[in-house]
Amino acid sequence: MRTIKSKQDFERVFHQGRSYRHPLMRMIACNTLDEGDPGRVAFVAAKRLGCAVVRNRSKRVLREAARACAFPRVGFDVILFATPKTKTSSPQEMQAALRSLCSRAGIDEQ
């Protein structure tokens, strides 16, 4: 899975991307720099969610949902944010939430 790592890439997605919300997660998506580029994805869990164990579990659940939904998608850079409800949700609920966000964002399944 290709991930977003540099600060410049995070800032580009924040400034150029659109935000989509769901009670279980938040997503910011924007197009890649070149149209044919393979997409990348990043997983974020803020410190306000809890201790490191809770944040790491939240990111693991987000990663598993992204894998099940065939992320990253070609042509899109996506940042997924954990919310307080992420830590108590099941992987199936997270997959449904991510599919819902993708349909709202216009990111088609491959």
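Because the structure is predicted, anything quoted here is derived from the model rather than measured. Residues: numbered from 1 along the sequence shown.
- For the pair Ala68 and Arg99, the tightest heavy-atom approach, listed with the atom from each and the gap, is O-NH2, 3.7 Å.
- Ser58 pairs by the side-chain hydrogen bond (donor to acceptor under 3.5 Å, both in side chains) definition with nothing, not counting sequence neighbours.
- Pairs passing the side chain to side chain donor-acceptor pair (under 3.5 Å) check and including a residue from residues 10-21, sequence neighbours excluded, read Arg12-Asp77.
- Taking 4.5 Å as the limit, some side-chain heavy atom of Val41 sits within range of a side-chain heavy atom of Leu80.
- Under the 4.5 angstrom side-chain criterion for Ile, Leu, Val, Met, Phe, Trp and Tyr, the cluster partners of Ile4 are Phe10, Val13, Phe14, Ile28, Val44, Ile79, Phe81.
- Val61 pairs by the side chain to side chain contact (heavy atoms under 4.5 Å, CB included) definition with Arg57, Met94, not counting sequence neighbours.
- Shown here are the side-chain hydrogen bond (donor to acceptor under 3.5 Å, both in side chains) partners of Ser89, two or more places apart in sequence or in another chain: there are none.
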Going through the distances and angles, do Arg40 and Phe71 end up as a side-chain contact (heavy atoms from CB on, under 4.5 Å)? CA-CA 8 Å; Arg40 296 176 299 171; Phe71 265 78; over 6 Å; no
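- Members clustered with Leu49: none, using a 4.5 Å side-chain heavy-atom cutoff among hydrophobic residues.
- Listed by first then second residue, pairs satisfying side chain to side chain donor-acceptor pair (under 3.5 Å) with a partner in residues 22-33 number zero, not counting sequence neighbours.
- Here the shortest heavy-atom pairing between Val78 and Ala29 reads CG2-CB, 4.1 Å.
- The line from SG of Cys102 to CD of Gln95 is 11.5 Å long, rounded to the nearest 0.5 Å.
- For the residue pair Leu98 and Met25, the shortest heavy atom distance occurs at CD1-SD, 3.9 Å.
- Between Leu24 and Lys87, every side-chain heavy-atom pair lies at or beyond the 4.5 Å cut-off.
- Remark: Glu93 engages no residue in a salt bridge (charged side-chain N to carboxylate O under 4.0 Å, His left out) (not counting sequence neighbours).
- Taking each heavy atom of Ala46 and Arg55 in turn, the nearest pair found is O-CD, 3.1 Å.
- Partners of Arg63 under the salt bridge (charged side-chain N to carboxylate O under 4.0 Å, His left out) rule, at least two apart in sequence or in another chain, do not exist in this structure.
- In this structure, SG in Cys69 is found 10.0 Å from CD in Glu64, a value given to the nearest 0.5 Å.
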